[in-house]
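Please read the structure below before turning to the comments.
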Amino acid sequence: MSYIGVLIETKDKKAKKSNFGIITAACSDGSSDVCALMFDDSAVDNKEILEQYGITKIIEISSEQADLNTSPDLKAQALVGTMKTLDIKGLVGLSSPAGRDLLTRTATLLNVPSALDCIGVDFSDHTVLKSHFSGKAIARLKLEGDYFICGIRPNTIEAVEKSGNAEIVSHKPEISGKPGVKIREIKKASSGSVDLTEADIIISGGRAMESTEGFKILSECAEVLGAGVGASRAAVDAGFVPHSMQVGQTGKTVSPKLYIGCGISGAVQHFAGMKTSKVIVAINTDKDAPILGKCDYGIIGDLFEVVPALTQALKG
Ligand SMILES: Cc1cc2nc3c(=O)[nH]c(=O)nc-3n(C[C@H](O)[C@H](O)[C@H](O)COP(=O)(O)OP(=O)(O)OC[C@H]3O[C@@H](n4cnc5c(N)ncnc54)[C@H](O)[C@@H]3O)c2cc1C
């Protein structure tokens with residue numbers, strides 16, 4: 001029986017929560033076994049949590065020839081070697097910056113197509129679901145080839161617990177050549193301590209925030225909620241906050257459980273980036289603002305009154 005490999009992304013050697021939904025997606029295909037693929041020597045630390053989502057095998061990939069975590073092309077080479085040796089025919093990962101990079105390099109080396117930013121996947125017939133035209137259309141794409149490789153938008157697939165007992169297997173594939181690219185330093189963008197693409201809750205501000213100072217009330221509320229702070233393009237273009245906080249067609253695509261849009265009109269380009277949020281709350285003074293027609297809960301009111309009141313209520 002061939003395997004589906006799930007690329008596990010870690011932060012400070014801890015598996016990110018957003019991996020668990022893609023493990024669930026991989027486990028939903030009964031015809032293949034599912035294994036977790038890890039690169040950073042953290043399999044033992046993450047064994048228990050991965051078992052909780054049904055992982056029965058963790059493959060820890062390393063190399064004595066090169067530091068794979070600073071050499072993206074050699075990392076892809078090592079992954080391809082592992083897939084070929086261990087009969088891993090399906091590969092799924094997060095459509096995060098790191099996931100996109102590795103999945104694409106891997107597909108290129110295997111000379112097969114790949115699909116990124118998918119919102120659904122079916123391993124049995126090698127199809128994926130992707131959102132197109134700012135979320136107005138959903139396409140089902142079939143990928144042809146001996147290997148099936150896709151990246152899933154973080155948080156779009158609900159994680160389901162499923163008990164399992166995982167064995168850890170160390171694999172050191174042969175790699176050749178020198179790294180074409182070497183990562184020397186990773187600088188974190190200034191979008192707060194919570195990564196928007198992984199956040200369970202996001203509170204975003206639009207043009208109505210008026211200034212950088214105005215965004216402080218969102219940061220205060222976010223702190224209480226454990227949320228990330230996002231922004232519309234109008235707020236970014238006005239220089240209130242950096243582009244790393246922008247949500248939308250030309251910003252980040254997010255799928256939190258709760259999205260609170262404050263002083264955001266709800267343009268189609270903004271919706272393209274947060275449409276798959278589970279619950280959308282909008283705070284707007286204009287009862288005719290488009291976002292109020294598309295949200296789950298609308299509050300017609302001044303955000304400068306509503307947000308601090310919400311923060312106080314949450315603190316209480
Ligand atoms: C190619 C292209 C790509 C784009 N990409 C993106 C993108 O990635 N992300 C994105 O966001 N936009 C994007 N846009 C821009 C998009 O079309 C909108 O212009 C933008 O989203 C508007 O931002 P806004 O809602 O903050 O501002 P506005 O449309 O000006 O809305 C402000 C809202 O605040 C409300 N308001 C005012 N004062 C208050 C108050 N005190 N309390 C509560 N509510 C108040 C108003 O009623 C209004 O609804 C893109 C546009 C194009 C053409």
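Order of appearance sets the numbers: ligands from 1, and atoms from 1 within every ligand. Predicted model, so just to flag it, every value in this text is computed and none were measured.
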Is the shortest distance from atom 19 (O) of ligand 1 to a protein heavy atom below 4.0 Å?
->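 No, because not a single protein heavy atom sits under 4.0 Å from atom 19 (O) of ligand 1.
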Verify the neighbour count for atom CD of Gln269: are there more than 12 heavy atoms of other residues, nucleotides or ligands below 6.0 Å?
->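 More than 12 within 6.0 Å, yes.
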Heavy atoms of other groups near Lys142 NZ, more than 12 under 6.0 Å |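 Enclosed.
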Is there at least one pair of N or O atoms, one from Leu303 and one from ligand 1, spaced under 3.5 Å apart?
->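 It does: an N or O of Leu303 is found under 3.5 Å from an N or O of ligand 1.
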For [X], atoms of ligand 1 separated by under 4.0 Å from a heavy atom:
X      : value
Gln246 : 6 (C), 7 (C), 8 (O), 9 (N)
Gln249 : 7 (C), 8 (O)
Gly206 : 26 (O)
Ala208 : 34 (O), 36 (N), 37 (C), 38 (N), 39 (C), 45 (C)
Gly248 : 7 (C), 8 (O), 9 (N)
Gly251 : 8 (O)
Gly301 : 42 (N), 43 (C)

Before giving the answer on side-chain hydrogen bond (donor to acceptor under 3.5 Å, both in side chains), spell out for Ser63 and Lys172 the whole-Å C-alpha distance, their side-chain angles and the decisive distance to 0.1 Å.
-> CA-CA 5 Å; Ser63 169; Lys172 293 182 194 292; over 6 Å; no
Which residue supplies the protein heavy atom nearest to [atom], what is that atom called, and how far is it?
atom                    : value
atom 22 (C) of ligand 1 : Ala234 CB, 3.9 Å
atom 9 (N) of ligand 1  : Val247 O, 2.8 Å
atom 26 (O) of ligand 1 : Ser232 OG, 2.5 Å
atom 14 (N) of ligand 1 : Gln269 CB, 3.5 Å
atom 31 (O) of ligand 1 : Ser265 CB, 3.3 Å
atom 30 (O) of ligand 1 : Arg207 NE, 2.6 Å
atom 4 (C) of ligand 1  : Arg233 NH1, 3.1 Å
atom 47 (O) of ligand 1 : Asn284 OD1, 2.7 Å

Which bit of Ala267 is near ligand 1, meaning a heavy atom under 4.0 Å away: side chain, backbone, both or neither?
->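 The answer is the side chain of Ala267.
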Ligand 1 versus Val306: contacting region, heavy-atom distance under 4.0 Å =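 None of Val306 does.
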For Glu223 and Ser219, run side-chain hydrogen bond (donor to acceptor under 3.5 Å, both in side chains): C-alpha distance rounded to whole Å, both residues' side-chain angles, the deciding distance at 0.1 Å, then the answer.
-> CA-CA 6 Å; Glu223 204 171 307; Ser219 305; over 6 Å; no
Ile61 side chain near Lys75 side chain, heavy-atom distance below 4.5 Å |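 Not touching, per the 4.5 Å side-chain cut-off.
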Hydrophobic cluster identity match, Tyr53 and Ile58, side-chain contacts under 4.5 Å =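 As far as the 4.5 Å side-chain criterion goes, Ile58 and Tyr53 are connected within one cluster.
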Going hydrophobic residue to hydrophobic residue with side-chain gaps under 4.5 angstrom, can you get from Leu143 over to Ile119?
->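 No, Leu143 and Ile119 fall in different hydrophobic clusters.
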Using a strict 4.0 Å threshold on nitrogen-to-oxygen distance, state whether [X] and [Y] make a salt bridge.
X      : Y      : answer
Glu220 : Lys216 : no
Glu198 : Lys17  : no
Lys13  : Asp45  : no

Under 3.5 Å, is there a donor-acceptor pair between the side chain of Asn19 and the main chain of Glu9?
->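 Judged by distance alone, yes, a pair lies under 3.5 Å.
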Between the main-chain N or O of Asp117 and the side-chain N or O of Ser95, is there a donor-acceptor pair closer than 3.5 Å?
->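 Yes; at least one donor-acceptor contact below 3.5 Å.
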Cys262 near ligand 1, heavy-atom distance under 4.0 Å?
->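 Contact absent.
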Compare Asp286, Thr285, Asp288 and give the one whose heavy atom is closest to atom 40 (C) of ligand 1.
->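 Shortest heavy-atom distance from atom 40 (C) of ligand 1: Thr285.
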Aromatic rings Phe148 and Phe123: how do their planes relate, parallel, tilted or perpendicular, breaks at 30° and 60°?
->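 Ring orientation of Phe148 relative to Phe123: perpendicular.
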